[in-house]
Amino acid sequence: MYAMAQAKYGRVLLKISGEGLCAPGKGGIDGASLLRLAEEIKLVVDLGVQVGVVVGGGNIVRGSVIAKTAPIEETTGHYMGMLATVINALAVQDTLESLGVATRVQSALPVQNVCENFIRRRAIRHMEKGRVVIFAGGTGNPYVTTDTGAALRAAEVRVDALLKATKVDGVYTSDPVLDPAARRLDHLTYNQVIDQRLGIMDLSAVDLCQRSGIPIIVLSLKESGNMRDVVLGKGRATLIDAGK
Ligand code: UDP
């Protein structure tokens, strides 16, 4: 068992896309994927580290996409996307609780019969008590994504690192799926990510993390224990910060 004192970060926010909750190439919600995610989060909670989670909704609805394929206004589509994140948050909540992890869901878009509204001080208090707070509803505003929502919550609840889960275990020199010579980068600066338009997160999200001094860590949850190792200062990932 690791002790909290060994962890590099005391409070982290994990950004997980809707894609992380469904089977590869499919939409909707997949029980096995949920369980794998919850097990990885539990490993971090068991360190005594405070955890927040921002969930996406792309496995159900993306506003910009649905507006092109149905007679739905784009703004409505974005609200549908935000509601999709509430559905995902409830799924993550029950799965974590099935493993004995205490949770709360807080939504930027009030859905008060099923979860709390986002209240910053209350969210911090929950985390201090060891509850995982799952932030739903993105920013509560259309035309942005849950990456921006994650950066916003990260700054508001003052996390030590924003963990961005992706399909691969960091940022590579080229697409590792297509290029066998692709190399994983251990470190990048915010300015490199912004200037080179690396597309890891929305630029507004990277900009907000830069202004708030919150390191972004790009990692994969595929390898069990990797996120726990990253929180301990080990593990495979790419760190994005201000540099020297
Ligand atoms: N969305 C929004 N405002 C927000 C966050 C999300 O309008 O603050 C909508 C937007 O349409 C987005 C959808 O919700 O496409 C799902 O979120 P996102 O695409 O970020 O999900 P992910 O790609 O992380 O699964």
Side-chain angles (χ1 to χ4, degrees), residues 12-30 33-34 36-38 40-41 51-93 95 105-111 114-120 123 133-157 162-168 171 193 198-209 212 216-222 227:
V12 296
L13 187 86
L14 170 66
K15 162 68 210 299
I16 176 94
S17 291
E19 262 189 349
L21 309 182
C22 59
K26 301 234 169 89
I29 296 176
D30 167 55
S33 305
L34 271 178
R36 266 200 307 278
L37 166 67
E40 295 312 303
I41 294 172
V51 180
V53 181
V54 166
V55 282
N59 55 321
I60 301 174
V61 175
R62 272 185 224 283
S64 54
V65 175
I66 197 153
K68 289 196 187 92
T69 56
I72 294 171
E73 268 191 50
E74 181 164 351
T75 310
T76 309
H78 289 307
Y79 278 105
M80 292 168 70
M82 286 184 257
L83 290 169
T85 70
V86 178
I87 294 174
N88 284 338
L90 296 179
V92 172
Q93 173 169 53
T95 311
V105 173
Q106 290 203 345
S107 176
L109 205 64
V111 191
V114 295
C115 59
E116 296 179 7
N117 295 341
F118 172 66
I119 298 174
R120 177 179 164 267
V133 180
I134 304 157
F135 297 103
T139 63
N141 294 291
Y143 297 97
V144 290
T145 72
T146 50
D147 278 358
T148 299
L152 196 60
R153 294 295 177 252
E156 285 182 281
V157 303
L162 169 54
L163 312 179
K164 161 81 176 170
T166 64
K167 275 184 251 172
V168 287
V171 183
V193 174
L198 292 179
I200 298 154
M201 294 185 94
D202 298 347
L203 291 184
S204 56
V206 180
D207 175 64
L208 181 50
C209 286
S212 314
I216 302 169
I217 301 175
V218 182
L219 79 175
S220 158
L221 302 181
K222 248 188 244 161
M227 179 163 62

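Atoms within a ligand are numbered from 1 in the order they appear, just like the ligands themselves. Hydrogens, waters and symmetry mates are skipped; everything else that's a heavy atom, side chains included, is used.
Ligand 1 has an N or O atom lying under 3.5 Å from an N or O atom of Gly18, backbone or side chain. Between Lys15 and ligand 1, at least one N/O pair is under 3.5 Å apart. Here's the thing with Gly138: none of its N/O atoms is less than 3.5 angstrom from an N/O atom of ligand 1. Below 3.5 Å of separation, one finds no N or O of Pro142 facing any N or O of ligand 1. In terms of N/O distances under 3.5 Å, ligand 1 is not approached by Ser64. Residue-to-ligand polar distances keep Thr85 apart from ligand 1: every N/O pair is separated by 3.5 Å or more. Between Arg62 and ligand 1, at least one N/O pair is under 3.5 Å apart.
Note that CG of Leu152 is 7.5 Å distant from CZ of Phe118, once rounded to the nearest 0.5 Å. For the atom pair Ile41 CD1 and Leu163 CG, the distance stands at 10.0 Å (nearest 0.5 Å).
The backbone N or O of Gly20 sits nowhere less than 3.5 Å from a side-chain atom of Asn59 that would complete a donor-acceptor pair. At least one donor-acceptor pair closer than 3.5 Å links the side chain of Ser220 to the backbone N or O of Lys222. Using modelled atom types, no side-chain atom of Glu19 and backbone atom of Gly58 make a donor-acceptor pair closer than 3.5 Å. Looking only at distances, a side-chain donor or acceptor of Thr85 sits under 3.5 Å from a matching main-chain atom of Gly137.
Taking every non-hydrogen atom of Gly63 and a distance limit under 4.0 Å, the qualifying atoms of ligand 1 come out as 11 (O), 15 (O). Close approach of ligand 1 to Gly56 (heavy-atom distance below 4.0 Å) involves ligand atoms 21 (O), 22 (P), 24 (O), 25 (O). Numbered from 1 in the order shown, with element, the atoms of ligand 1 that lie under 4.0 Å from a heavy atom of Tyr143 read 7 (O). The distance from ligand 1 to the heavy atoms of Ser17 drops below 4.0 Å at these ligand atoms: 24 (O), 25 (O). For ligand 1, the atoms closer than 4.0 angstrom to any heavy atom of Thr139 are 4 (C), 8 (O).
Between Val193 and Met201 the shortest side-chain heavy-atom distance does not fall below 4.5 Å. You'll find the side chain of Val144 stays beyond 4.5 Å of the side chain of Ser204, heavy atoms only. Side-chain atoms of Met82 and Ser107, non-hydrogen and from C-beta on, never get closer than 4.5 Å to each other. A 4.5 Å side-chain heavy-atom check between Leu90 and Val114 finds at least one atom pair inside the cut-off.
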Derivation of the side chain to side chain donor-acceptor pair (under 3.5 Å) call for Thr139 and Thr148: CA-CA 7 Å; Thr139 63; Thr148 299; over 6 Å; no
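For Asn141, every heavy-atom contact with ligand 1 shorter than 4.0 Å involves the backbone, none the side chain. At a 4.0 Å heavy-atom cut-off, ligand 1 does not touch Val55 at all. Residue-level proximity to ligand 1 for Tyr79 is absent, since no heavy atom of it falls below 4.0 angstrom. The residue Met80 has no part lying near ligand 1, judged by heavy-atom distances below 4.0 Å.
Counted by atom type alone, Ser64 and Tyr143 present zero donor-acceptor pairs between their side chains at under 3.5 Å.
Of the candidates Gly140, Gly149, Gly57, it is Gly57 that places a heavy atom closest to atom 21 (O) of ligand 1. Relative to atom 16 (C) of ligand 1, the option among Thr146, Val61, Val54 with the closest non-hydrogen atom is Val61.
Scanning the protein for heavy atoms near atom 6 (C) of ligand 1, the closest one is Val144 O, 3.5 Å. For atom 9 (C) of ligand 1, the closest heavy atom belonging to the protein is His78 O, 3.5 Å.
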